[in-house]
2 protein chains.
Amino acid sequence: MRPIFHPDKADITLGAVLYALGDPVCLAIVQRLAIEDELSCAAIEIPVAKSTLSHHFKILREAGVLHCRKQGTQHMNSLRRADLDDRFPGVLDTILNAADRATRADQSVL
Amino acid sequence: MRPIFHPDKADITLGAVLYALGDPVCLAIVQRLAIEDELSCAAIEIPVAKSTLSHHFKILREAGVLHCRKQGTQHMNSLRRADLDDRFPGVLDTILNAADRATRADQSVL
DNA sequence: TTTCATTGTTCGATTTTTTTGAACTTTCGC
DNA sequence: GCGAAAGTTCAAAAAAATCGAACAATGAAA
């Protein structure tokens with residue numbers, strides 16, 4: 001069981017973050033995490049295979065978008081809000097804002 | 001020669017915009033357009049095949065990120081800043097801002 | 001008006017990426 | 001220990017990106 005990798009704040013690249021947010025599954029995960037604070041992988045109801053979801057969480061984690069800690073058999077995920085805001089001010093917030101409005105307007109990103 | 005399709009402002013979706021911006025080639029195009037105002041496809045020096053570039057411009061255009069008008073044999077492209085800002089306030093600006101800072105820090109998105 | 005060069009699109013093939021189910025690991029509760 | 005729950009890994013299948021070649025459209029040159 002090797003430790004879970006997280007990039008240093010300074011190593012977070014805009015390209016990786018945008019690539020992640022550009023994926024509808026990842027964006028949906030981020031949207032949920034924006035509300036729920038901390039979630040296990042299983043807690044996110046998205047119609048994709050377990051292995052696919054696992055892959056997307058890895059993308060987000062390695063991009064520096066979320067932090068993951070093990071708790072028993074679960075992986076608890078949370079947004080790295082402070083790090084992202086420090087590195088790319090406003091980016092996450094404006095996107096979440098827009099996503100939220102789009103969702104309310106019944107135009108889900110999925 | 002069929003007319004060039006552009007989505008109405010109201011039909012621009014965040015998903016499509018983020019998908020486009022999440023692609024390094026598209027992001028590079030948008031970055032250039034943020035500075036240059038209007039550019040032909042050929043004016044953008046990016047190391048991809050002509051047909052690939054054409055494809056990326058189409059992605060951006062159909063996502064509502066840029067507008068394209070024909071001028072002779074050329075296709076002149078420009079950002080749909082007002083429409084994007086109206087629909088998703090701050091999103092384009094903060095991303096361009098972050099991209100610009102990343103570029104200056106020699107961490108090109110390409 | 002007949003070339004000819006320029007600009008960009010379209011098409012089919014190739015390569016790359018994404019998605020998936022099955023098998024596996026880890027951890028906890030019984 | 002045994003079995004269930006939560007994720008990961010792996011190899012195969014499906015989907016998407018990339019490319020070169022052929023094509024269309026326009027303007028310029030002859």
Side-chain angles (χ1 to χ4, degrees), chain A residues 1-7 13 15-30 32-33 36-63 65-78 109-110, chain B residues 1-7 13 15-30 32-33 36-63 65-78 109-110:
Chain A
M1 190 66 248
R2 61 176 164 299
I4 303 172
F5 169 76
H6 291 91
T13 69
V17 171
L18 288 181
Y19 177 81
L21 296 181
D23 179 273
V25 173
C26 287
L27 182 56
I29 292 172
V30 170
R32 280 293 308 274
L33 284 176
E36 307 266 353
D37 213 68
E38 195 176 42
L39 280 175
S40 73
C41 303
I44 284 159
E45 313 89 1
I46 293 179
V48 293
K50 200 169 52 160
S51 53
T52 305
L53 206 56
S54 179
H55 169 71
H56 285 297
F57 271 104
K58 188 179 178 186
I59 296 282
L60 285 166
R61 178 171 49 78
E62 295 187 343
V65 175
L66 57 79
H67 181 268
C68 179
R69 74 184 171 87
K70 292 195 60 174
Q71 186 178 49
T73 68
Q74 302 194 116
H75 287 57
M76 303 306 289
N77 302 281
S78 55
V109 293
L110 269 181
Chain B
M1 191 66 247
R2 62 176 165 294
I4 303 171
F5 170 76
H6 292 91
T13 69
V17 171
L18 289 181
Y19 178 79
L21 296 181
D23 179 273
V25 173
C26 287
L27 183 55
I29 292 172
V30 170
R32 280 290 310 274
L33 284 176
E36 307 266 353
D37 213 68
E38 196 176 41
L39 280 176
S40 73
C41 303
I44 284 158
E45 312 88 4
I46 294 178
V48 293
K50 202 168 50 156
S51 53
T52 305
L53 206 55
S54 180
H55 170 71
H56 285 297
F57 270 104
K58 188 179 178 186
I59 296 282
L60 285 166
R61 180 171 50 77
E62 295 186 342
V65 175
L66 58 79
H67 181 268
C68 178
R69 72 182 172 89
K70 292 197 57 174
Q71 186 178 48
T73 69
Q74 302 194 114
H75 287 59
M76 302 307 289
N77 303 281
S78 54
V109 292
L110 268 183

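Every chain is numbered from 1, with letters handed out A, B, ... down the list of sequences. In this text, all values refer to a predicted model and were calculated from it rather than measured experimentally.
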Could you check which residues of residues 49-62 of chain A get a heavy atom under 4.0 Å from DNA chain C? Sort them by number, please.
A:A49, A:S51, A:T52, A:H56
Length of the line joining A:Q74:CD and D:dT8:P, which is rounded to integer Å:
12 Å
Show your reasoning for whether side chain to side chain contact (heavy atoms under 4.5 Å, CB included) applies to B:V25 and B:T52.
CA-CA 10 Å; B:V25 173; B:T52 305; 6.0 Å; no
Separation of C:dT7 atom P from B:N77 atom CG, nearest Å, is 14 Å
Between D:dA5 (P) and A:M76 (CE): distance, integer Å
18 Å
Gap between atom CD1 of B:I4 and atom NE2 of B:H67 - 0.5 Å precision:
7.5 Å
Nearest-Å distance for atom pair CD1/C1', residues A:I4 and D:dA6
12 Å
Of the candidates C:dT9, C:dT27, D:dG7, the side chain of A:K70 sits closest to C:dT27
Output for pair (B:L60 CG, B:L27 CG), nearest 0.5 Å, gives 9.5 Å
Can you check the A:D23 CG to D:dA16 P distance for me, whole Å?
12 Å
Stepwise, does the side chain to side chain contact (heavy atoms under 4.5 Å, CB included) test hold for A:L33 with A:L39?
CA-CA 7 Å; A:L33 284 176; A:L39 280 175; 3.8 Å; yes
Nearest whole angstrom, please: distance from the P of C:dT17 to the OH of B:Y19.
13 Å
By nearest-heavy-atom nucleotide on DNA chain C, the more 5' of B:A42 and A:Q71 is B:A42
Using a 4.5 Å cut-off on heavy atoms from C-beta on, say whether the side chain of B:K50 contacts that of B:C41.
no
Round to the nearest Å and state the distance from B:F5 atom CZ to C:dT9 atom P.
15 Å
Gap between atoms CD1 and P, on A:I46 and C:dT19 respectively (whole Å):
11 Å
Test side-chain contact (heavy atoms from CB on, under 4.5 Å) applied to A:C68 and A:K58, A:H6, A:M76, A:E38, the passing residue
A:H6
